[in-house]
Novice: 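Here it is, the structure in full.
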There are 2 protein chains.
Amino acid sequence: MKTLKDVALRAGVSIASVSTVINNTAAVSPAMRKKVERAVADLGYIPHALARNLKMGRVNVIGLILPDIANPHFSELASAIEVACDSAGFSLMLCNTSDNAEKEVRHLRMMRAQRVAGVIFVPGGSPTHDTEALGRLLEGPAVLLDRAFASLALDCVLLDNVEAGRLAADHLVQNGHRRIGIVAGPPHLQISQDRVAGCRAAMRAHGLPFEESLVVDGGFRPELAYHATRAVLRRRARPTAVIATSNHTTVGVMKALAELGLRCPADVSVAAIDDFTWAEGFAPRLTAVAQPIEAMGQEAVRRLLARSDSRASPQCVVLPPRLIIRDSTRVLE
Amino acid sequence: MKTLKDVALRAGVSIASVSTVINNTAAVSPAMRKKVERAVADLGYIPHALARNLKMGRVNVIGLILPDIANPHFSELASAIEVACDSAGFSLMLCNTSDNAEKEVRHLRMMRAQRVAGVIFVPGGSPTHDTEALGRLLEGPAVLLDRAFASLALDCVLLDNVEAGRLAADHLVQNGHRRIGIVAGPPHLQISQDRVAGCRAAMRAHGLPFEESLVVDGGFRPELAYHATRAVLRRRARPTAVIATSNHTTVGVMKALAELGLRCPADVSVAAIDDFTWAEGFAPRLTAVAQPIEAMGQEAVRRLLARSDSRASPQCVVLPPRLIIRDSTRVLE
DNA sequence: TTGAATATCTGAAACGTTTCAGATAACCTA
DNA sequence: TAGGTTATCTGAAACGTTTCAGATATTCAA
């Protein structure tokens, strides 16, 4: 690979001059400019970003750590973040944790070693996080996305999960449903608790009892949700509706319905949290509480960059979900 | 941020010794090790990867450039690649091109500037690529994934697109379909041509005529596929089956069917290229030609790393798709 | 014509590492 | 005890940039 020195040699000028021309950091004579540009083109010189960044003390890369890039929710988030980064002149370094706590600190560590400008961290569903190690590694510019840690005072961008649960349950109640199964996420996650809490709040608000036994653990793989749904739908008093609290659980729920020969929404209504843009065209069209994914990504990047040059105290922004009513829920007569 | 010097100072030893201890590059006395480890822990020292990489002349990062990370096909590919990279000790730098030719060279350039160990490049659907510039930038270790450039002799990992088309069409023909609409991708893409060619080959193999007018351009956004499908399904002699040649077009096709009030598979069978794991549980369960995504990702990384230390001439590996028969196609009596 | 002001260019130090030749100390062996 | 090994440790040179103080050449006003 060619270096500044090679270019300087070929152009017959000093290294410093080449640098000046390339970065436009000072006035140079037209002759100089031409000579250097010529040499750069001839040699196909590409500046060595590592050397440059080392010297300059900054790296135009933002790190993104998330649980599973193959999950549409996260890949859409990644997409939004990539766009925001790109237009701010940053590149993206991506790591998957597969919900593995050990990988979280390993990747975070690696990113700090790379001296990235900031890290956007989406904690995984692991029951235990090494919050102490994470806390130290998140000391540089960082924002938590999607899930926060109570013990860490950090910038974060979250969905209003309580509201998401509330929207789903409220919609069903308004349509006359009373016995509503809730296929929740892993109970140790705040996000699961919040969504269920939202459902509970909606029932309360309508003066209805909330039957805790209708809340089942759907885990965060469709498999468990599938079995949980089967279980709850085989109760003597079958729920007339089910709330699937994440896209993984929705897949399990729908599959369980299909296998039990129950039609949706004729036999059972389904309200989901997380929209499925890629299931458009399939039946039933899903009534879903959609997350403002683009806004979340943008906001995360914005806060991260703002954080880099301010010492304001960390803030949490909570964004509102919105309900999209389609065909998977029906009015109960 | 702490540096080796800080650690050396605190431990009361030389910089060289600290480096030796940290990297285990030579034998040191237990006393030395203890002192250094102590200082490292006390200061929370994290090595500066830029400096290290600059000095070492290698970077443990692999670049991935793809058209759209929000498309499940690419996000699953990204996931497979991330896993393969990670287990080989590499991190992933991700760039989206949004099918924009200018971004392709910009991002590729940036990755070369970062001196990444190699680049996995998935060309986008732009009608014109700056193949000259790309060619120069792809001179380092690189592998093309998903789509190749005829004009560039490079390692590549591809799906057997002809076979994919053949599988879909053959399946329909075997089920008695004769009038088959094909919602193709943009005609300027080799990949589209190949898939259609596969369909054509299947018809020929069965001694059937291939009606070119039933091939419509579905572009690479659902929108166009939607309109194309409506058009083809409103012919006086309606096709009894449709082949959707990519996941984007499948969405358009299914939507068109739904809006025209046509049931699938009762009225029209649909065979898709690209599987939809996230539509599991929705109806109809899609008969699809699935790509061996994991294998493609693994193979891409493997070839890339192999390429780094060999001068063998570039090779193309073509992986076979497989047909998954579910409920969206039916036997025609 | 001269001195000052300006325009243009360059040498060399730094950024934080790795690495290797050499320094020092400690241990053997004869 | 001298000489040679061996075991540890360190100084300093690189890696490819940026940047700034200084060098050189040019221009201008008086």
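We name chains A, B, ... by the order of the sequence lines, and we start the count at 1 in each one. Atom set for the values below is all heavy atoms of this structure, side chains included, hydrogens, waters and symmetry mates excluded.
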Novice: Indicate for each nucleotide in nucleotides 12-26 of chain D, in 5' to 3' sequence, whether protein heavy atoms under 4.0 Å reach the base (B), only the sugar-phosphate (S), or nothing (-).
Specialist: --BBBBBB-------

Novice: What's the spacing between A:R10 CZ and A:Y45 OH if we round to 0.5 Å?
Specialist: 15.0 Å

Novice: Looking at A:R307 and A:P314, what are the two nearest heavy atoms and their distance?
Specialist: NH2-CA, 3.4 Å

Novice: Which of parallel (below 30°), tilted (30 to 60°) and perpendicular (above 60°) describes B:H129 and B:F149?
Specialist: perpendicular

Novice: May I ask you to decide whether A:E299 forms a salt bridge with A:R302, counting only side-chain N to carboxylate O separations under 4.0 Å?
Specialist: yes

Novice: How many angstroms lie between CG in B:L158 and CG in B:L319, if you round to the nearest 0.5 Å?
Specialist: 8.5 Å

